[in-house]
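Before any comments, here is the structure.
Note on naming: letters A, B, ... go to the chains in the order of the sequence lines (proteins, then strands), and numbering restarts at 1 for each one. Everything numeric here is computed off the predicted structure, so don't read it as measured data.
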There are 2 protein chains.
Amino acid sequence: MTSLSARLPEQLRRESQSASCTGCIGRSLNLCGSLTDAQLPELVALGGRRQWRRRDILFRAGDPITNFFKITRGLVAVSRTLDDGRRQIVALRIAGDCVGFLHTDGRYTFEGHAITDVEACAFSRRRFDELAQRYPALAAATADALVRAQREAGELVAAMGRLRSTERVAYFLAKMHALYASRFGDSATVDLDMNRGEIGDYLGLTIETVSRSIAKLKKRGLISLPHGNEVVIENIDGLRELGNFGP
Amino acid sequence: MTSLSARLPEQLRRESQSASCTGCIGRSLNLCGSLTDAQLPELVALGGRRQWRRRDILFRAGDPITNFFKITRGLVAVSRTLDDGRRQIVALRIAGDCVGFLHTDGRYTFEGHAITDVEACAFSRRRFDELAQRYPALAAATADALVRAQREAGELVAAMGRLRSTERVAYFLAKMHALYASRFGDSATVDLDMNRGEIGDYLGLTIETVSRSIAKLKKRGLISLPHGNEVVIENIDGLRELGNFGP
DNA sequence: CGCGGCATTGACATTGATCAAAAGCTGTGG
DNA sequence: CCACAGCTTTTGATCAATGTCAATGCCGCG
(Lines give C-alpha, C1' and ligand atoms only; values in the text may rest on other atoms or scores of the structure.)
Protein backbone atom coordinates (compact mmCIF):
# COMPACT_ATOMS: atom_id res chain seq x y z
CA MET A 1 0.00 0.00 0.00
CA THR A 2 1.11 3.49 -0.74
CA SER A 3 -0.01 6.07 1.77
CA LEU A 4 1.36 9.45 2.56
CA SER A 5 0.57 9.19 6.21
CA ALA A 6 2.31 5.90 6.76
CA ARG A 7 5.55 4.11 6.11
CA LEU A 8 7.85 6.75 4.72
CA PRO A 9 11.00 5.65 2.99
CA GLU A 10 13.95 5.70 5.33
CA GLN A 11 15.60 8.70 3.78
CA LEU A 12 12.57 10.88 4.28
CA ARG A 13 11.99 9.61 7.75
CA ARG A 14 15.49 10.50 8.81
CA GLU A 15 15.15 13.91 7.28
CA SER A 16 11.87 14.62 8.95
CA GLN A 17 13.30 13.71 12.32
CA SER A 18 16.41 15.81 12.20
CA ALA A 19 16.11 18.85 14.37
CA SER A 20 17.39 21.29 11.78
CA CYS A 21 16.24 21.53 8.22
CA THR A 22 19.61 21.87 6.63
CA GLY A 23 19.23 18.91 4.39
CA CYS A 24 15.65 19.35 3.53
CA ILE A 25 15.84 22.51 1.55
CA GLY A 26 18.74 21.24 -0.45
CA ARG A 27 17.04 18.01 -1.25
CA SER A 28 13.70 19.58 -1.97
CA LEU A 29 15.17 21.67 -4.68
CA ASN A 30 17.31 18.93 -6.13
CA LEU A 31 20.51 20.52 -5.00
CA CYS A 32 22.02 17.41 -3.55
CA GLY A 33 24.69 17.26 -6.17
CA SER A 34 25.52 20.89 -6.50
CA LEU A 35 25.45 22.23 -2.97
CA THR A 36 26.57 20.61 0.21
CA ASP A 37 25.68 21.64 3.72
CA ALA A 38 29.23 22.81 4.21
CA GLN A 39 28.85 25.28 1.41
CA LEU A 40 25.65 26.66 2.83
CA PRO A 41 26.08 27.11 6.55
CA GLU A 42 23.34 29.71 6.48
CA LEU A 43 20.78 27.08 5.71
CA VAL A 44 21.33 25.47 9.08
CA ALA A 45 19.63 28.32 10.86
CA LEU A 46 17.08 29.01 8.23
CA GLY A 47 14.26 26.56 8.69
CA GLY A 48 11.95 25.81 11.57
CA ARG A 49 9.98 22.62 11.68
CA ARG A 50 6.25 22.82 12.21
CA GLN A 51 3.27 20.47 12.25
CA TRP A 52 -0.35 20.66 11.26
CA ARG A 53 -3.33 18.35 11.66
CA ARG A 54 -5.76 17.37 8.95
CA ARG A 55 -7.81 20.41 7.87
CA ASP A 56 -5.44 22.87 9.51
CA ILE A 57 -4.49 25.95 7.53
CA LEU A 58 -0.81 26.44 6.70
CA PHE A 59 -1.34 29.87 5.19
CA ARG A 60 -4.28 32.00 4.09
CA ALA A 61 -4.74 33.86 0.84
CA GLY A 62 -4.17 37.55 1.45
CA ASP A 63 -2.01 37.18 4.55
CA PRO A 64 1.37 38.87 4.39
CA ILE A 65 3.88 36.37 3.08
CA THR A 66 6.65 35.67 5.55
CA ASN A 67 7.44 32.01 5.11
CA PHE A 68 7.19 29.32 2.55
CA PHE A 69 7.08 25.69 3.50
CA LYS A 70 8.92 22.61 2.41
CA ILE A 71 6.74 19.62 3.12
CA THR A 72 8.43 16.69 4.79
CA ARG A 73 5.35 14.58 5.43
CA GLY A 74 1.75 14.55 4.31
CA LEU A 75 -0.39 16.11 1.62
CA VAL A 76 -1.17 19.81 1.22
CA ALA A 77 -3.87 21.37 -0.98
CA VAL A 78 -3.31 24.81 -2.47
CA SER A 79 -6.68 26.36 -3.12
CA ARG A 80 -8.76 29.39 -3.80
CA THR A 81 -12.20 30.11 -2.38
CA LEU A 82 -14.64 32.42 -4.13
CA ASP A 83 -16.74 34.91 -2.25
CA ASP A 84 -19.81 32.69 -2.43
CA GLY A 85 -17.95 29.73 -0.99
CA ARG A 86 -17.16 27.79 -4.16
CA ARG A 87 -13.71 26.35 -3.67
CA GLN A 88 -11.12 25.15 -6.14
CA ILE A 89 -7.95 23.28 -5.31
CA VAL A 90 -5.33 24.45 -7.79
CA ALA A 91 -2.51 22.12 -6.79
CA LEU A 92 -1.66 19.18 -4.55
CA ARG A 93 1.75 18.98 -3.00
CA ILE A 94 3.46 16.18 -1.12
CA ALA A 95 6.69 15.54 0.75
CA GLY A 96 9.57 17.18 -1.06
CA ASP A 97 7.47 19.97 -2.59
CA CYS A 98 7.35 23.57 -1.50
CA VAL A 99 4.13 25.48 -0.90
CA GLY A 100 3.38 29.08 -0.05
CA PHE A 101 5.90 30.34 -2.51
CA LEU A 102 3.46 32.22 -4.73
CA HIS A 103 2.70 35.78 -3.82
CA THR A 104 0.74 38.78 -5.05
CA ASP A 105 2.02 42.09 -3.76
CA GLY A 106 3.72 40.45 -0.82
CA ARG A 107 0.72 38.36 0.15
CA TYR A 108 -0.11 34.71 -0.32
CA THR A 109 -2.07 34.28 -3.53
CA PHE A 110 -3.72 31.03 -2.47
CA GLU A 111 -4.60 29.18 0.67
CA GLY A 112 -2.75 26.09 1.84
CA HIS A 113 -4.38 23.50 4.04
CA ALA A 114 -3.45 20.09 5.30
CA ILE A 115 -5.26 17.16 3.71
CA THR A 116 -3.49 14.67 5.97
CA ASP A 117 -1.47 15.47 9.03
CA VAL A 118 1.49 17.43 7.76
CA GLU A 119 5.03 18.25 8.76
CA ALA A 120 7.00 20.94 7.03
CA CYS A 121 9.93 23.27 7.44
CA ALA A 122 9.10 26.95 7.38
CA PHE A 123 11.69 29.14 5.71
CA SER A 124 11.91 32.88 5.82
CA ARG A 125 11.12 34.03 2.35
CA ARG A 126 13.27 37.12 2.68
CA ARG A 127 16.34 35.24 3.79
CA PHE A 128 15.83 32.58 1.18
CA ASP A 129 15.72 35.20 -1.54
CA GLU A 130 18.94 36.74 -0.26
CA LEU A 131 20.55 33.35 -0.26
CA ALA A 132 19.38 32.64 -3.79
CA GLN A 133 21.06 35.84 -4.87
CA ARG A 134 24.36 34.49 -3.67
CA TYR A 135 24.04 30.86 -4.69
CA PRO A 136 23.15 30.48 -8.35
CA ALA A 137 22.51 26.78 -7.99
CA LEU A 138 19.81 27.52 -5.45
CA ALA A 139 18.18 29.97 -7.82
CA ALA A 140 18.40 27.46 -10.65
CA ALA A 141 16.78 24.79 -8.55
CA THR A 142 14.03 27.21 -7.59
CA ALA A 143 13.38 27.98 -11.24
CA ASP A 144 13.32 24.29 -11.96
CA ALA A 145 10.74 23.62 -9.29
CA LEU A 146 8.62 26.48 -10.59
CA VAL A 147 8.81 25.16 -14.14
CA ARG A 148 7.66 21.78 -12.95
CA ALA A 149 4.81 23.30 -10.97
CA GLN A 150 3.69 25.32 -13.92
CA ARG A 151 3.72 22.37 -16.23
CA GLU A 152 1.41 20.62 -13.81
CA ALA A 153 -0.86 23.64 -13.59
CA GLY A 154 -1.14 23.72 -17.38
CA GLU A 155 -2.05 20.07 -17.44
CA LEU A 156 -4.70 20.64 -14.82
CA VAL A 157 -6.14 23.50 -16.87
CA ALA A 158 -6.34 21.19 -19.88
CA ALA A 159 -8.01 18.49 -17.83
CA MET A 160 -10.55 20.91 -16.37
CA GLY A 161 -11.32 22.53 -19.67
CA ARG A 162 -11.56 19.56 -21.96
CA LEU A 163 -12.24 16.37 -20.02
CA ARG A 164 -15.64 15.19 -18.91
CA SER A 165 -16.30 14.06 -15.39
CA THR A 166 -15.27 10.42 -15.60
CA GLU A 167 -12.20 11.29 -17.64
CA ARG A 168 -11.23 13.84 -15.03
CA VAL A 169 -11.46 11.31 -12.23
CA ALA A 170 -9.37 8.91 -14.31
CA TYR A 171 -6.84 11.70 -14.76
CA PHE A 172 -6.81 12.31 -11.05
CA LEU A 173 -6.25 8.67 -10.16
CA ALA A 174 -3.52 8.29 -12.78
CA LYS A 175 -1.87 11.41 -11.43
CA MET A 176 -1.99 10.27 -7.83
CA HIS A 177 -0.61 6.92 -8.87
CA ALA A 178 2.29 8.57 -10.69
CA LEU A 179 2.88 11.02 -7.85
CA TYR A 180 3.14 8.32 -5.23
CA ALA A 181 5.19 6.10 -7.53
CA SER A 182 7.74 8.88 -7.96
CA ARG A 183 8.25 9.14 -4.22
CA PHE A 184 7.50 5.79 -2.73
CA GLY A 185 8.00 3.35 -5.58
CA ASP A 186 5.41 1.79 -7.84
CA SER A 187 2.38 0.15 -6.30
CA ALA A 188 -1.01 -0.81 -7.63
CA THR A 189 -2.71 0.44 -4.48
CA VAL A 190 -3.17 4.11 -3.80
CA ASP A 191 -4.57 5.45 -0.57
CA LEU A 192 -6.33 8.62 -1.57
CA ASP A 193 -6.31 10.46 1.77
CA MET A 194 -8.91 12.76 0.19
CA ASN A 195 -12.64 12.46 0.56
CA ARG A 196 -15.08 12.90 -2.31
CA GLY A 197 -15.58 16.56 -1.57
CA GLU A 198 -11.88 17.28 -1.77
CA ILE A 199 -11.52 15.34 -5.00
CA GLY A 200 -14.44 17.34 -6.36
CA ASP A 201 -12.82 20.59 -5.30
CA TYR A 202 -9.71 19.55 -7.17
CA LEU A 203 -11.49 18.47 -10.35
CA GLY A 204 -14.24 21.08 -10.44
CA LEU A 205 -16.97 18.51 -9.82
CA THR A 206 -19.53 17.81 -7.14
CA ILE A 207 -19.34 15.07 -4.55
CA GLU A 208 -22.08 13.13 -6.28
CA THR A 209 -20.45 13.29 -9.69
CA VAL A 210 -17.15 12.10 -8.27
CA SER A 211 -18.91 9.23 -6.59
CA ARG A 212 -20.72 8.24 -9.77
CA SER A 213 -17.56 8.55 -11.86
CA ILE A 214 -15.67 6.27 -9.51
CA ALA A 215 -18.50 3.78 -9.79
CA LYS A 216 -18.20 3.91 -13.59
CA LEU A 217 -14.46 3.32 -13.49
CA LYS A 218 -15.05 0.38 -11.20
CA LYS A 219 -17.67 -1.07 -13.54
CA ARG A 220 -15.26 -0.69 -16.47
CA GLY A 221 -12.70 -2.72 -14.55
CA LEU A 222 -10.09 0.04 -14.40
CA ILE A 223 -10.02 0.19 -10.62
CA SER A 224 -11.43 -1.53 -7.58
CA LEU A 225 -12.16 -0.35 -4.07
CA PRO A 226 -11.43 -3.17 -1.66
CA HIS A 227 -12.11 -1.07 1.44
CA GLY A 228 -12.09 2.44 2.73
CA ASN A 229 -10.39 5.01 0.59
CA GLU A 230 -7.91 2.54 -0.84
CA VAL A 231 -7.99 2.33 -4.60
CA VAL A 232 -6.45 -0.58 -6.47
CA ILE A 233 -5.42 0.33 -9.99
CA GLU A 234 -6.43 -2.64 -12.10
CA ASN A 235 -5.49 -1.18 -15.47
CA ILE A 236 -3.15 1.77 -15.34
CA ASP A 237 -2.81 2.05 -19.11
CA GLY A 238 -6.54 2.23 -19.59
CA LEU A 239 -6.81 4.76 -16.80
CA ARG A 240 -4.11 6.96 -18.24
CA GLU A 241 -5.58 6.80 -21.70
CA LEU A 242 -9.05 7.68 -20.49
CA GLY A 243 -7.69 10.56 -18.44
CA ASN A 244 -5.43 11.76 -21.24
CA PHE A 245 -2.61 11.56 -18.77
CA GLY A 246 0.56 12.19 -20.73
CA PRO A 247 3.72 10.07 -20.53
CA MET B 1 -8.71 51.70 -28.67
CA THR B 2 -6.36 49.11 -27.27
CA SER B 3 -5.11 46.62 -29.80
CA LEU B 4 -2.06 44.46 -29.70
CA SER B 5 -1.52 44.68 -33.40
CA ALA B 6 -1.61 48.44 -33.59
CA ARG B 7 -0.14 51.51 -31.96
CA LEU B 8 2.50 50.20 -29.65
CA PRO B 9 3.86 52.52 -27.02
CA GLU B 10 7.00 54.20 -28.15
CA GLN B 11 9.28 52.27 -25.86
CA LEU B 12 8.15 48.94 -27.18
CA ARG B 13 8.25 50.12 -30.74
CA ARG B 14 11.84 51.18 -30.40
CA GLU B 15 12.73 47.94 -28.78
CA SER B 16 11.08 45.85 -31.43
CA GLN B 17 12.91 47.68 -34.15
CA SER B 18 16.40 47.40 -32.75
CA ALA B 19 18.44 44.85 -34.63
CA SER B 20 19.78 43.07 -31.59
CA CYS B 21 17.75 41.92 -28.64
CA THR B 22 20.07 43.15 -25.96
CA GLY B 23 17.51 45.28 -24.29
CA CYS B 24 14.59 43.07 -24.70
CA ILE B 25 15.63 40.25 -22.47
CA GLY B 26 16.62 42.57 -19.72
CA ARG B 27 13.39 44.46 -19.86
CA SER B 28 11.27 41.38 -20.21
CA LEU B 29 12.57 40.04 -16.97
CA ASN B 30 12.44 43.30 -15.11
CA LEU B 31 16.18 43.62 -14.92
CA CYS B 32 16.33 47.19 -16.04
CA GLY B 33 17.51 48.38 -12.71
CA SER B 34 19.86 45.64 -11.74
CA LEU B 35 21.67 44.76 -14.91
CA THR B 36 22.83 47.02 -17.66
CA ASP B 37 23.82 46.04 -21.15
CA ALA B 38 27.41 46.83 -20.28
CA GLN B 39 27.35 44.20 -17.56
CA LEU B 40 25.97 41.59 -19.86
CA PRO B 41 27.81 41.77 -23.15
CA GLU B 42 26.91 38.16 -23.80
CA LEU B 43 23.28 39.09 -24.21
CA VAL B 44 24.10 41.07 -27.31
CA ALA B 45 24.76 37.96 -29.32
CA LEU B 46 22.14 35.85 -27.65
CA GLY B 47 18.85 36.64 -29.28
CA GLY B 48 17.65 36.44 -32.86
CA ARG B 49 14.55 38.27 -33.95
CA ARG B 50 11.86 36.30 -35.73
CA GLN B 51 8.35 36.86 -37.04
CA TRP B 52 5.20 34.78 -37.37
CA ARG B 53 1.84 35.34 -39.02
CA ARG B 54 -1.52 34.70 -37.42
CA ARG B 55 -2.03 30.96 -36.84
CA ASP B 56 1.65 30.17 -37.31
CA ILE B 57 3.25 27.78 -34.84
CA LEU B 58 6.11 29.10 -32.72
CA PHE B 59 6.87 25.72 -31.17
CA ARG B 60 5.23 22.33 -30.97
CA ALA B 61 4.66 20.16 -27.93
CA GLY B 62 7.17 17.34 -27.95
CA ASP B 63 9.77 19.02 -30.13
CA PRO B 64 13.24 19.22 -28.60
CA ILE B 65 13.54 22.50 -26.76
CA THR B 66 16.25 24.72 -28.16
CA ASN B 67 14.89 28.23 -27.81
CA PHE B 68 12.47 30.17 -25.77
CA PHE B 69 10.90 33.35 -27.04
CA LYS B 70 10.46 36.81 -25.68
CA ILE B 71 7.49 38.39 -27.39
CA THR B 72 7.96 41.93 -28.62
CA ARG B 73 4.69 42.28 -30.51
CA GLY B 74 1.41 40.42 -30.73
CA LEU B 75 -0.45 37.72 -28.83
CA VAL B 76 0.63 34.10 -28.38
CA ALA B 77 -1.50 31.19 -27.14
CA VAL B 78 0.12 28.36 -25.21
CA SER B 79 -2.01 25.29 -25.65
CA ARG B 80 -2.39 21.56 -25.44
CA THR B 81 -4.26 19.37 -27.89
CA LEU B 82 -5.65 16.00 -26.88
CA ASP B 83 -5.42 12.98 -29.13
CA ASP B 84 -9.01 13.36 -30.25
CA GLY B 85 -8.53 16.98 -31.26
CA ARG B 86 -9.95 18.73 -28.21
CA ARG B 87 -7.79 21.73 -27.61
CA GLN B 88 -7.18 23.82 -24.49
CA ILE B 89 -5.32 27.08 -24.35
CA VAL B 90 -3.53 27.13 -21.00
CA ALA B 91 -2.09 30.65 -21.17
CA LEU B 92 -2.10 33.83 -23.23
CA ARG B 93 1.07 35.85 -23.51
CA ILE B 94 1.70 39.31 -24.91
CA ALA B 95 4.59 41.65 -25.57
CA GLY B 96 7.06 41.46 -22.73
CA ASP B 97 6.24 37.89 -21.79
CA CYS B 98 8.31 34.82 -22.50
CA VAL B 99 6.92 31.62 -24.03
CA GLY B 100 8.42 28.23 -24.72
CA PHE B 101 10.18 28.14 -21.40
CA LEU B 102 8.41 25.10 -20.02
CA HIS B 103 9.88 21.75 -20.79
CA THR B 104 9.39 18.07 -20.04
CA ASP B 105 12.52 15.97 -20.48
CA GLY B 106 14.07 18.53 -22.78
CA ARG B 107 10.98 18.94 -24.95
CA TYR B 108 8.36 21.62 -25.14
CA THR B 109 5.46 20.72 -22.89
CA PHE B 110 2.90 22.79 -24.76
CA GLU B 111 2.37 24.26 -28.18
CA GLY B 112 2.71 27.96 -28.91
CA HIS B 113 0.89 29.59 -31.78
CA ALA B 114 0.40 33.14 -32.95
CA ILE B 115 -3.06 34.60 -32.38
CA THR B 116 -2.11 37.85 -34.09
CA ASP B 117 0.98 38.49 -36.19
CA VAL B 118 3.85 38.12 -33.75
CA GLU B 119 7.41 39.27 -33.37
CA ALA B 120 9.71 37.76 -30.82
CA CYS B 121 13.34 37.23 -29.95
CA ALA B 122 14.50 33.64 -29.84
CA PHE B 123 17.05 32.87 -27.15
CA SER B 124 19.14 29.76 -26.84
CA ARG B 125 17.86 28.04 -23.78
CA ARG B 126 21.22 26.47 -23.02
CA ARG B 127 23.12 29.71 -23.16
CA PHE B 128 20.48 31.50 -21.17
CA ASP B 129 20.74 28.93 -18.42
CA GLU B 130 24.51 29.32 -18.35
CA LEU B 131 24.11 33.04 -18.09
CA ALA B 132 21.60 32.74 -15.29
CA GLN B 133 24.14 30.67 -13.39
CA ARG B 134 26.52 33.60 -13.49
CA TYR B 135 24.12 36.49 -12.97
CA PRO B 136 21.93 35.99 -9.91
CA ALA B 137 19.73 38.92 -10.85
CA LEU B 138 18.82 37.20 -14.09
CA ALA B 139 17.92 34.04 -12.21
CA ALA B 140 15.87 36.03 -9.73
CA ALA B 141 13.99 37.75 -12.53
CA THR B 142 13.32 34.40 -14.15
CA ALA B 143 11.92 33.04 -10.91
CA ASP B 144 9.80 36.14 -10.61
CA ALA B 145 8.34 35.70 -14.07
CA LEU B 146 7.62 32.05 -13.31
CA VAL B 147 5.88 32.94 -10.06
CA ARG B 148 3.69 35.40 -11.91
CA ALA B 149 2.87 32.87 -14.61
CA GLN B 150 1.95 30.28 -12.06
CA ARG B 151 -0.29 32.62 -10.17
CA GLU B 152 -2.17 33.21 -13.41
CA ALA B 153 -2.37 29.51 -14.11
CA GLY B 154 -3.87 28.94 -10.69
CA GLU B 155 -6.44 31.61 -11.29
CA LEU B 156 -7.36 30.05 -14.60
CA VAL B 157 -7.79 26.68 -12.91
CA ALA B 158 -10.13 28.28 -10.40
CA ALA B 159 -12.10 29.97 -13.18
CA MET B 160 -12.40 26.78 -15.17
CA GLY B 161 -13.35 24.67 -12.22
CA ARG B 162 -15.82 26.86 -10.45
CA LEU B 163 -17.29 29.47 -12.80
CA ARG B 164 -20.21 28.88 -15.14
CA SER B 165 -20.06 29.90 -18.77
CA THR B 166 -21.12 33.53 -18.55
CA GLU B 167 -18.95 34.09 -15.50
CA ARG B 168 -16.01 32.64 -17.35
CA VAL B 169 -16.48 34.99 -20.27
CA ALA B 170 -16.73 37.89 -17.83
CA TYR B 171 -13.50 36.69 -16.24
CA PHE B 172 -11.87 36.54 -19.64
CA LEU B 173 -12.92 40.06 -20.59
CA ALA B 174 -11.84 41.47 -17.25
CA LYS B 175 -8.53 39.73 -17.63
CA MET B 176 -7.93 41.02 -21.13
CA HIS B 177 -8.85 44.49 -19.98
CA ALA B 178 -6.36 44.32 -17.13
CA LEU B 179 -3.70 42.78 -19.34
CA TYR B 180 -3.92 45.52 -21.91
CA ALA B 181 -4.18 48.21 -19.27
CA SER B 182 -0.94 47.02 -17.72
CA ARG B 183 0.89 47.42 -21.01
CA PHE B 184 -0.84 50.11 -22.97
CA GLY B 185 -2.63 52.17 -20.36
CA ASP B 186 -6.25 52.01 -19.31
CA SER B 187 -8.94 52.09 -21.97
CA ALA B 188 -12.58 51.10 -22.00
CA THR B 189 -12.21 49.50 -25.40
CA VAL B 190 -10.51 46.16 -25.87
CA ASP B 191 -9.82 44.64 -29.26
CA LEU B 192 -10.02 40.95 -28.64
CA ASP B 193 -7.91 39.70 -31.57
CA MET B 194 -9.38 36.26 -30.79
CA ASN B 195 -12.36 34.72 -32.49
CA ARG B 196 -15.09 32.85 -30.63
CA GLY B 197 -13.41 29.52 -31.17
CA GLU B 198 -10.18 30.69 -29.61
CA ILE B 199 -12.00 32.20 -26.65
CA GLY B 200 -13.80 28.90 -26.26
CA ASP B 201 -10.51 26.99 -26.35
CA TYR B 202 -9.23 29.24 -23.59
CA LEU B 203 -12.29 28.96 -21.38
CA GLY B 204 -13.21 25.35 -22.04
CA LEU B 205 -16.44 26.28 -23.80
CA THR B 206 -17.88 25.90 -27.29
CA ILE B 207 -18.18 28.65 -29.87
CA GLU B 208 -21.93 28.80 -29.41
CA THR B 209 -21.75 29.09 -25.65
CA VAL B 210 -19.20 31.90 -25.90
CA SER B 211 -21.46 33.71 -28.33
CA ARG B 212 -24.49 33.35 -26.10
CA SER B 213 -22.55 34.41 -23.02
CA ILE B 214 -21.37 37.56 -24.74
CA ALA B 215 -24.96 38.29 -25.71
CA LYS B 216 -25.98 37.93 -22.07
CA LEU B 217 -23.25 40.29 -20.87
CA LYS B 218 -24.40 42.79 -23.47
CA LYS B 219 -28.00 42.50 -22.36
CA ARG B 220 -26.93 43.06 -18.75
CA GLY B 221 -25.22 46.27 -19.84
CA LEU B 222 -21.75 45.19 -18.79
CA ILE B 223 -20.28 45.48 -22.28
CA SER B 224 -21.20 46.59 -25.78
CA LEU B 225 -19.96 45.56 -29.18
CA PRO B 226 -19.91 48.61 -31.45
CA HIS B 227 -18.36 46.74 -34.37
CA GLY B 228 -16.14 43.83 -35.25
CA ASN B 229 -14.25 42.25 -32.41
CA GLU B 230 -14.02 45.47 -30.44
CA VAL B 231 -15.50 45.24 -26.97
CA VAL B 232 -16.38 48.32 -24.97
CA ILE B 233 -16.33 47.70 -21.24
CA GLU B 234 -19.35 49.56 -19.88
CA ASN B 235 -19.05 48.41 -16.29
CA ILE B 236 -15.69 47.03 -15.32
CA ASP B 237 -16.60 46.58 -11.66
CA GLY B 238 -19.64 44.55 -12.53
CA LEU B 239 -17.63 42.50 -14.98
CA ARG B 240 -14.88 41.78 -12.48
CA GLU B 241 -17.35 40.86 -9.80
CA LEU B 242 -19.25 38.49 -12.06
CA GLY B 243 -16.02 36.90 -13.24
CA ASN B 244 -14.59 36.68 -9.71
CA PHE B 245 -11.59 38.50 -11.04
CA GLY B 246 -9.43 39.32 -8.04
CA PRO B 247 -8.07 42.78 -7.22
C1' DC C 1 -26.82 0.70 20.51
C1' DG C 2 -27.23 4.96 18.41
C1' DC C 3 -25.00 8.99 16.62
C1' DG C 4 -22.27 11.65 13.19
C1' DG C 5 -19.88 11.87 9.17
C1' DC C 6 -19.25 10.35 4.64
C1' DA C 7 -20.68 7.79 0.42
C1' DT C 8 -24.07 6.14 -2.59
C1' DT C 9 -28.24 6.20 -5.16
C1' DG C 10 -32.41 8.09 -7.24
C1' DA C 11 -35.43 11.76 -9.22
C1' DC C 12 -35.41 15.93 -11.22
C1' DA C 13 -33.67 20.63 -12.90
C1' DT C 14 -30.28 23.17 -15.20
C1' DT C 15 -26.43 24.01 -17.94
C1' DG C 16 -23.94 23.67 -21.79
C1' DA C 17 -23.03 20.75 -26.03
C1' DT C 18 -24.67 19.41 -30.39
C1' DC C 19 -26.92 19.85 -34.69
C1' DA C 20 -28.89 22.81 -38.02
C1' DA C 21 -30.07 26.95 -40.18
C1' DA C 22 -29.90 31.79 -40.95
C1' DA C 23 -27.58 36.16 -40.78
C1' DG C 24 -23.43 39.14 -41.09
C1' DC C 25 -18.91 40.38 -42.93
C1' DT C 26 -15.10 40.60 -46.16
C1' DG C 27 -12.83 40.26 -50.15
C1' DT C 28 -13.01 39.29 -55.20
C1' DG C 29 -14.39 39.78 -59.78
C1' DG C 30 -17.49 41.39 -63.00
C1' DC D 1 -21.55 49.27 -57.48
C1' DC D 2 -23.33 44.75 -57.13
C1' DA D 3 -23.19 39.71 -56.73
C1' DC D 4 -21.26 35.96 -54.86
C1' DA D 5 -18.21 32.76 -52.17
C1' DG D 6 -16.24 31.72 -48.00
C1' DC D 7 -15.93 32.59 -43.64
C1' DT D 8 -17.56 33.71 -38.70
C1' DT D 9 -21.23 34.73 -35.68
C1' DT D 10 -25.76 34.41 -34.09
C1' DT D 11 -29.94 32.07 -33.09
C1' DG D 12 -33.04 28.16 -32.44
C1' DA D 13 -34.30 23.37 -31.23
C1' DT D 14 -32.97 19.49 -29.07
C1' DC D 15 -30.10 16.26 -26.15
C1' DA D 16 -26.75 14.67 -22.94
C1' DA D 17 -24.03 15.58 -18.98
C1' DT D 18 -23.78 17.37 -14.66
C1' DG D 19 -25.62 19.82 -10.67
C1' DT D 20 -29.16 19.85 -7.06
C1' DC D 21 -32.06 18.01 -3.66
C1' DA D 22 -33.47 14.27 -0.93
C1' DA D 23 -33.33 9.72 0.92
C1' DT D 24 -30.81 5.82 2.22
C1' DG D 25 -26.85 3.12 3.41
C1' DC D 26 -22.40 2.31 5.50
C1' DC D 27 -18.96 2.48 9.03
C1' DG D 28 -16.39 3.81 13.01
C1' DC D 29 -16.76 5.39 17.59
C1' DG D 30 -18.40 6.83 22.09
Which whole-number value in Å describes the distance from B:Glu198 CD to D:dT8 C1'? 12 Å

A:Phe245 vs A:Tyr171 aromatic rings, parallel, tilted or perpendicular, using cut-offs 30° and 60°? tilted

Cationic N near anionic O, under 4.0 Å, B:Asp97 to B:Arg183: yes

A:Asn229 CG to D:dG28 C1': how many Å, rounded? 14 Å

Just by distance, with hydrogens left out, do A:Asn229 and A:Arg196 show a side-chain donor and acceptor under 3.5 Å apart? yes

I want to check something: taking the side chain as every heavy atom from C-beta on, are B:Val90 and B:Ser79 in contact at a cut-off of under 4.5 Å? no

Atom-to-atom span, CD of A:Glu230 to P of C:dA7 - whole angstrom: 15 Å

Any side-chain heavy atom of B:Asn67 within less than 4.5 Å of one from B:Tyr108? yes

Would you mind reading off the distance between B:Ile207 atom CD1 and D:dC7 atom P, rounded to a whole angstrom? 14 Å

Take atom CD in A:Glu241; do more than 12 heavy atoms of anything else shown fall under 6.0 Å from it? no

Looking only at heavy atoms, the pair that brings A:Gln88 and B:Gly161 closest together is OE1-CA, 3.3 Å

How close do A:Asp117 and A:Arg53 get, heavy atom to heavy atom, and via which atoms? OD1-CA, 3.4 Å

For the pair made of CG in B:Asp193 and C1' in D:dT8, what is the distance, rounded to whole Å? 16 Å

Could you state the atom-to-atom distance from NE2 of A:His227 to C1' of D:dG28 in whole Å? 14 Å

Rounding to an integer number of Å, can you tell me how far A:Arg196 CZ sits from C:dT9 P? 11 Å

Contact class for A:Arg55 (heavy atom, under 4.0 Å): base, sugar-phosphate, or nothing? sugar-phosphate

Dot-bracket for DNA chain D, please, read 5' to 3', with Watson-Crick or G-U wobble pairs under 3.5 Å on both distances, ( ) within the strand, [ ] crossing, | other strand, . unpaired. ||||||||||||||||||||||||||||||

What does the list of N/O pairs under 3.5 Å between the protein and nucleotides 17-20 of chain D look like, with a distance for each?
unit_1, atom_1, unit_2, atom_2, d
D:dT18, OP1, A:Ser165, N, 2.7
D:dT18, OP2, A:Ser165, OG, 2.8
D:dG19, OP2, A:Thr206, OG1, 3.3
D:dG19, OP2, A:Thr209, OG1, 2.3
D:dT20, O4, A:Arg212, NH2, 3.0

The side chain of B:Ser211 lies closest to which of these nucleotides: C:dT9, C:dT8, D:dT9? D:dT9

Kindly indicate whether the side chain of A:Asp186, heavy atoms from C-beta on, has any atom under 4.5 Å from the side chain of A:His177. yes

Whole-Å distance between C:dA7 P and A:Leu192 CG? 10 Å

